[in-house]
Amino acid sequence: MISAPSIRHGRSVMGVNTWLVERLRTRMAEPDKLPLYVKFADVVQLAVRSGEIQRGDFLPSERDFVLALGISRITVRKALELLAEQEIVVRGRGYGTYVNHQLEYHLKPAMGFSQQVVATGKTPGTLWISKTRVPCRAEIAEHLQLSAGCDVYLLKRVRDIDGEPVSIEENYVPQHLITDVEQIDISLYAYFRSQGIAPVRTRNWVSAQSASHEFIQCVNTPATLPVLVVKSLAFDINQRPLDYSINYCRADMYVFYSED
(Lines give C-alpha, C1' and ligand atoms only; values in the text may rest on other atoms or scores of the structure.)
Protein backbone atom coordinates (compact mmCIF):
# COMPACT_ATOMS: atom_id res chain seq x y z
CA MET A 1 0.00 0.00 0.00
CA ILE A 2 1.36 3.41 -0.94
CA SER A 3 1.70 5.58 2.09
CA ALA A 4 3.64 8.83 2.28
CA PRO A 5 3.28 12.19 3.95
CA SER A 6 2.35 15.33 2.04
CA ILE A 7 5.23 17.54 1.00
CA ARG A 8 7.30 18.74 3.91
CA HIS A 9 8.68 22.00 5.31
CA GLY A 10 6.46 24.76 6.63
CA ARG A 11 2.87 25.33 7.62
CA SER A 12 0.02 24.51 5.32
CA VAL A 13 -1.91 27.10 3.32
CA MET A 14 -5.18 25.52 2.18
CA GLY A 15 -3.41 22.17 1.93
CA VAL A 16 -0.27 23.49 0.18
CA ASN A 17 2.91 24.22 2.13
CA THR A 18 3.77 27.92 2.49
CA TRP A 19 7.27 27.68 1.00
CA LEU A 20 5.91 26.00 -2.13
CA VAL A 21 3.07 28.53 -2.45
CA GLU A 22 5.51 31.45 -2.32
CA ARG A 23 7.90 29.84 -4.77
CA LEU A 24 5.10 29.10 -7.23
CA ARG A 25 3.71 32.64 -6.94
CA THR A 26 7.15 34.16 -7.48
CA ARG A 27 7.90 32.02 -10.53
CA MET A 28 4.51 32.54 -12.15
CA ALA A 29 4.80 36.33 -11.67
CA GLU A 30 8.08 36.50 -13.57
CA PRO A 31 7.73 38.34 -16.91
CA ASP A 32 8.99 35.64 -19.30
CA LYS A 33 6.53 34.30 -21.85
CA LEU A 34 6.42 30.68 -20.71
CA PRO A 35 2.90 29.38 -20.01
CA LEU A 36 1.89 29.35 -16.35
CA TYR A 37 1.57 25.57 -16.27
CA VAL A 38 5.18 25.20 -17.49
CA LYS A 39 6.42 27.58 -14.77
CA PHE A 40 4.40 25.61 -12.20
CA ALA A 41 5.91 22.33 -13.37
CA ASP A 42 9.43 23.80 -13.32
CA VAL A 43 9.09 24.78 -9.65
CA VAL A 44 7.92 21.32 -8.61
CA GLN A 45 10.60 19.61 -10.72
CA LEU A 46 13.38 21.68 -9.12
CA ALA A 47 12.00 20.99 -5.63
CA VAL A 48 12.04 17.25 -6.31
CA ARG A 49 15.58 17.32 -7.69
CA SER A 50 16.83 19.33 -4.70
CA GLY A 51 15.21 16.91 -2.25
CA GLU A 52 12.83 19.50 -0.78
CA ILE A 53 10.01 17.27 -2.01
CA GLN A 54 10.89 13.65 -1.31
CA ARG A 55 10.35 10.77 -3.70
CA GLY A 56 7.17 8.98 -2.69
CA ASP A 57 5.59 12.13 -1.21
CA PHE A 58 2.05 12.99 -2.21
CA LEU A 59 1.37 16.39 -3.74
CA PRO A 60 -1.67 18.43 -2.70
CA SER A 61 -4.85 18.04 -4.72
CA GLU A 62 -5.69 20.14 -7.78
CA ARG A 63 -8.34 21.92 -5.69
CA ASP A 64 -5.83 22.79 -2.94
CA PHE A 65 -3.44 24.31 -5.48
CA VAL A 66 -6.28 26.29 -7.09
CA LEU A 67 -7.40 27.74 -3.72
CA ALA A 68 -3.88 28.52 -2.52
CA LEU A 69 -2.65 30.14 -5.73
CA GLY A 70 -5.78 31.65 -7.26
CA ILE A 71 -5.14 30.05 -10.64
CA SER A 72 -7.38 27.95 -12.83
CA ARG A 73 -7.83 24.23 -12.39
CA ILE A 74 -6.90 23.76 -16.04
CA THR A 75 -3.48 25.34 -15.36
CA VAL A 76 -2.87 23.04 -12.39
CA ARG A 77 -4.04 19.98 -14.29
CA LYS A 78 -1.83 20.74 -17.30
CA ALA A 79 1.17 21.26 -14.99
CA LEU A 80 0.61 17.93 -13.24
CA GLU A 81 0.07 16.18 -16.58
CA LEU A 82 3.37 17.64 -17.83
CA LEU A 83 5.14 16.39 -14.70
CA ALA A 84 3.58 12.96 -15.25
CA GLU A 85 4.78 12.92 -18.88
CA GLN A 86 8.29 13.71 -17.62
CA GLU A 87 7.92 10.79 -15.15
CA ILE A 88 8.52 13.12 -12.22
CA VAL A 89 5.14 12.33 -10.67
CA VAL A 90 2.68 9.46 -10.89
CA ARG A 91 -1.04 10.23 -11.09
CA GLY A 92 -3.49 7.59 -9.94
CA ARG A 93 -7.25 7.83 -9.92
CA GLY A 94 -8.50 7.37 -6.39
CA TYR A 95 -5.25 8.01 -4.51
CA GLY A 96 -3.84 11.27 -5.89
CA THR A 97 -0.52 12.44 -7.31
CA TYR A 98 2.80 11.44 -5.79
CA VAL A 99 6.46 11.92 -6.67
CA ASN A 100 7.79 9.04 -8.73
CA HIS A 101 9.77 6.65 -6.54
CA GLN A 102 10.21 3.81 -9.01
CA LEU A 103 13.48 1.94 -9.20
CA GLU A 104 14.99 1.88 -12.69
CA TYR A 105 16.21 -1.69 -12.80
CA HIS A 106 18.84 -2.51 -15.42
CA LEU A 107 18.34 -5.91 -16.99
CA LYS A 108 21.59 -6.04 -18.97
CA PRO A 109 24.43 -5.69 -16.44
CA ALA A 110 25.08 -8.47 -13.93
CA MET A 111 24.18 -6.36 -10.91
CA GLY A 112 22.16 -7.52 -7.96
CA PHE A 113 19.27 -5.71 -6.32
CA SER A 114 21.45 -4.17 -3.61
CA GLN A 115 23.95 -2.70 -6.07
CA GLN A 116 21.23 -1.18 -8.19
CA VAL A 117 19.43 0.36 -5.22
CA VAL A 118 22.66 1.82 -3.79
CA ALA A 119 23.45 3.31 -7.22
CA THR A 120 20.25 5.40 -6.95
CA GLY A 121 21.27 6.79 -3.54
CA LYS A 122 18.76 4.66 -1.65
CA THR A 123 19.25 1.99 1.01
CA PRO A 124 18.45 -1.67 0.28
CA GLY A 125 17.15 -3.99 2.97
CA THR A 126 16.39 -7.68 3.36
CA LEU A 127 14.01 -9.71 5.52
CA TRP A 128 14.99 -13.36 5.19
CA ILE A 129 12.25 -15.94 4.80
CA SER A 130 14.49 -18.97 4.29
CA LYS A 131 18.01 -20.16 3.48
CA THR A 132 17.54 -23.85 2.83
CA ARG A 133 18.61 -26.71 0.61
CA VAL A 134 15.80 -28.06 -1.55
CA PRO A 135 15.46 -30.55 -4.43
CA CYS A 136 15.81 -28.67 -7.68
CA ARG A 137 12.70 -28.55 -9.87
CA ALA A 138 13.17 -29.74 -13.45
CA GLU A 139 12.62 -26.30 -15.02
CA ILE A 140 15.21 -24.65 -12.77
CA ALA A 141 17.66 -27.57 -13.04
CA GLU A 142 17.64 -27.18 -16.82
CA HIS A 143 18.60 -23.52 -16.54
CA LEU A 144 21.35 -24.27 -14.02
CA GLN A 145 22.61 -27.25 -16.07
CA LEU A 146 21.97 -29.61 -13.16
CA SER A 147 20.14 -32.89 -12.75
CA ALA A 148 16.51 -32.57 -11.69
CA GLY A 149 16.07 -33.37 -8.02
CA CYS A 150 19.62 -32.58 -6.94
CA ASP A 151 20.04 -30.22 -4.00
CA VAL A 152 20.31 -26.47 -4.54
CA TYR A 153 20.17 -23.60 -2.08
CA LEU A 154 16.89 -21.68 -2.06
CA LEU A 155 17.40 -18.16 -0.73
CA LYS A 156 14.05 -16.44 -0.23
CA ARG A 157 13.55 -12.96 1.15
CA VAL A 158 11.54 -9.78 1.11
CA ARG A 159 13.51 -6.89 -0.39
CA ASP A 160 12.93 -3.28 0.62
CA ILE A 161 14.03 0.19 -0.44
CA ASP A 162 14.49 2.73 2.35
CA GLY A 163 12.43 0.47 4.60
CA GLU A 164 9.50 0.01 2.20
CA PRO A 165 8.92 -3.59 0.99
CA VAL A 166 8.98 -3.79 -2.81
CA SER A 167 9.51 -7.43 -3.82
CA ILE A 168 9.89 -11.07 -2.87
CA GLU A 169 12.99 -12.69 -4.32
CA GLU A 170 13.85 -16.37 -4.69
CA ASN A 171 17.39 -17.39 -5.67
CA TYR A 172 18.29 -20.94 -6.64
CA VAL A 173 22.04 -21.50 -6.37
CA PRO A 174 24.03 -24.68 -7.06
CA GLN A 175 25.07 -26.21 -3.75
CA HIS A 176 28.79 -26.24 -4.55
CA LEU A 177 28.89 -22.44 -4.98
CA ILE A 178 27.98 -21.77 -1.33
CA THR A 179 30.33 -22.91 1.42
CA ASP A 180 28.49 -21.24 4.32
CA VAL A 181 24.98 -19.99 3.60
CA GLU A 182 24.91 -17.99 6.85
CA GLN A 183 27.61 -15.71 5.45
CA ILE A 184 25.12 -14.37 2.90
CA ASP A 185 23.74 -11.14 4.28
CA ILE A 186 21.94 -8.52 2.17
CA SER A 187 23.65 -9.24 -1.15
CA LEU A 188 24.15 -12.64 -2.79
CA TYR A 189 26.43 -11.07 -5.40
CA ALA A 190 28.60 -9.56 -2.65
CA TYR A 191 28.97 -13.08 -1.24
CA PHE A 192 29.88 -14.38 -4.70
CA ARG A 193 32.59 -11.73 -5.03
CA SER A 194 33.98 -12.63 -1.61
CA GLN A 195 34.37 -16.20 -2.90
CA GLY A 196 36.11 -15.12 -6.10
CA ILE A 197 32.97 -15.71 -8.20
CA ALA A 198 32.07 -12.97 -10.68
CA PRO A 199 28.68 -12.79 -12.45
CA VAL A 200 29.27 -11.09 -15.80
CA ARG A 201 25.98 -11.33 -17.67
CA THR A 202 22.33 -12.24 -17.19
CA ARG A 203 19.47 -13.59 -19.27
CA ASN A 204 16.07 -12.23 -18.27
CA TRP A 205 12.37 -12.94 -18.73
CA VAL A 206 9.66 -10.49 -17.60
CA SER A 207 5.95 -11.24 -17.22
CA ALA A 208 3.01 -10.13 -15.07
CA GLN A 209 0.55 -11.86 -12.78
CA SER A 210 -1.94 -11.17 -10.02
CA ALA A 211 -0.63 -10.78 -6.47
CA SER A 212 -0.54 -13.95 -4.37
CA HIS A 213 -1.74 -14.00 -0.76
CA GLU A 214 1.91 -14.25 0.37
CA PHE A 215 2.87 -11.22 -1.70
CA ILE A 216 -0.03 -9.13 -0.38
CA GLN A 217 0.90 -10.03 3.21
CA CYS A 218 4.68 -9.60 2.91
CA VAL A 219 4.82 -6.54 0.68
CA ASN A 220 1.63 -4.93 2.02
CA THR A 221 -0.04 -4.14 -1.30
CA PRO A 222 -3.67 -4.08 -2.45
CA ALA A 223 -4.86 -7.22 -4.22
CA THR A 224 -5.61 -5.16 -7.33
CA LEU A 225 -1.99 -4.13 -7.86
CA PRO A 226 -0.29 -6.26 -10.56
CA VAL A 227 2.95 -8.08 -9.84
CA LEU A 228 5.86 -8.10 -12.26
CA VAL A 229 7.70 -11.42 -12.37
CA VAL A 230 11.33 -11.15 -13.40
CA LYS A 231 13.25 -14.39 -13.92
CA SER A 232 17.03 -14.02 -14.31
CA LEU A 233 19.83 -16.45 -15.02
CA ALA A 234 23.33 -15.23 -14.15
CA PHE A 235 26.53 -16.53 -15.76
CA ASP A 236 30.24 -16.19 -15.00
CA ILE A 237 32.92 -15.41 -17.59
CA ASN A 238 33.05 -19.09 -18.60
CA GLN A 239 29.28 -19.10 -19.26
CA ARG A 240 28.70 -21.24 -16.18
CA PRO A 241 25.24 -20.69 -14.63
CA LEU A 242 25.58 -19.25 -11.13
CA ASP A 243 22.10 -18.31 -10.00
CA TYR A 244 18.51 -18.57 -11.18
CA SER A 245 16.30 -15.97 -9.54
CA ILE A 246 12.59 -15.24 -9.54
CA ASN A 247 11.61 -11.76 -8.41
CA TYR A 248 8.01 -10.85 -7.66
CA CYS A 249 7.94 -7.06 -7.83
CA ARG A 250 5.47 -4.29 -7.11
CA ALA A 251 4.40 -2.98 -10.51
CA ASP A 252 4.27 0.61 -9.23
CA MET A 253 7.81 0.54 -7.86
CA TYR A 254 9.89 -0.76 -10.78
CA VAL A 255 10.80 0.36 -14.28
CA PHE A 256 12.79 -2.32 -16.09
CA TYR A 257 14.95 -1.42 -19.03
CA SER A 258 17.61 -2.97 -21.18
CA GLU A 259 20.19 -1.40 -23.47
CA ASP A 260 22.99 -2.81 -25.59
Side-chain angles (χ1 to χ4, degrees), residues 1-7 48 51 53-59 80 83-131 154-172 185-189 202-234 243-259:
M1 182 178 297
I2 300 166
S3 59
S6 295
I7 46 182
V48 171
I53 300 176
Q54 300 289 317
R55 294 191 179 275
D57 279 358
F58 280 88
L59 295 182
L80 296 179
L83 289 166
E85 289 172 6
Q86 296 170 337
E87 298 186 349
I88 295 168
V89 303
V90 176
R91 306 196 75 196
R93 183 171 297 175
Y95 57 81
T97 301
Y98 63 92
V99 180
N100 193 349
H101 59 338
Q102 293 177 318
L103 170 66
E104 289 190 343
Y105 200 98
H106 302 236
L107 291 174
K108 279 287 185 178
M111 295 173 62
F113 172 88
S114 297
Q115 286 178 280
Q116 302 219 32
V117 172
V118 169
T120 68
K122 299 178 182 295
T123 302
T126 291
L127 175 63
W128 283 101
I129 297 174
S130 67
K131 298 179 183 179
L154 167 58
L155 311 175
K156 185 172 182 178
R157 53 216 160 137
V158 178
R159 311 306 301 265
D160 71 65
I161 299 175
D162 289 343
E164 183 172 7
V166 295
S167 64
I168 296 177
E169 182 175 353
E170 298 175 357
N171 296 84
Y172 296 86
D185 189 13
I186 290 178
S187 172
L188 172 61
Y189 279 20
T202 60
R203 184 183 300 158
N204 304 280
W205 302 263
V206 181
S207 60
Q209 67 178 42
S210 299
S212 67
H213 178 72
E214 179 185 44
F215 190 87
I216 293 168
Q217 293 298 309
C218 291
V219 185
N220 191 28
T221 59
T224 54
L225 184 70
V227 174
L228 295 176
V229 183
V230 183
K231 298 179 180 180
S232 298
L233 181 61
D243 164 49
Y244 183 79
S245 66
I246 306 175
N247 289 274
Y248 303 90
C249 309
R250 278 178 54 164
D252 64 328
M253 289 290 291
Y254 283 81
V255 174
F256 294 96
Y257 72 95
S258 175
E259 58 186 12

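Keep in mind the model is a prediction, meaning the values are calculated, not measured.
Under the 3.5 Å distance criterion, with hydrogens and angles disregarded, no donor-acceptor pair is assigned to the side chains of Ser167 and Arg250.
Counting all heavy atoms, side chain and backbone alike, Cys218 lies closest to Pro165 at O-CB, 3.9 Å. Leu228 and Ala208 make their closest contact through CD2-CB, 4.3 Å (heavy atoms, listed as atom of the first residue, atom of the second, distance). Heavy-atom minimum distance, Ala223 versus Ala211: O-CB, 4.4 Å.
The OG atom of Ser212 sits 6.0 Å away from the CD1 atom of Ile168 when rounded to the nearest 0.5 Å. Atom CG of Asp185 is separated from atom CH2 of Trp128 by 8.0 Å, given to the nearest 0.5 angstrom. Taken from CD1 in Ile216 to CG in Leu225, the straight-line distance is 9.5 Å, to the nearest 0.5 Å. Once rounded to the nearest 0.5 Å, the distance linking OH of Tyr172 with NZ of Lys156 reads 7.5 Å. To the nearest 0.5 angstrom, Leu155 atom CG is 7.5 Å from Ser130 atom OG. Atom OG1 of residue Thr202 and atom CG of residue Leu233 lie 8.5 Å apart, to the nearest 0.5 angstrom.
Between Arg91 and the options Leu83, Leu59, Thr97, a side-chain contact (heavy atoms from CB on, under 4.5 Å) holds for only Thr97.
Side chain of Asn247 to backbone of Glu169: no donor-acceptor contact under 3.5 angstrom is found. A donor-acceptor pair under 3.5 Å is absent between the side-chain atoms of Trp205 and the main chain of Val229, judged by distance alone. A donor-acceptor pair under 3.5 Å is formed between the side chain of Arg157 and the backbone N or O of Ile186.
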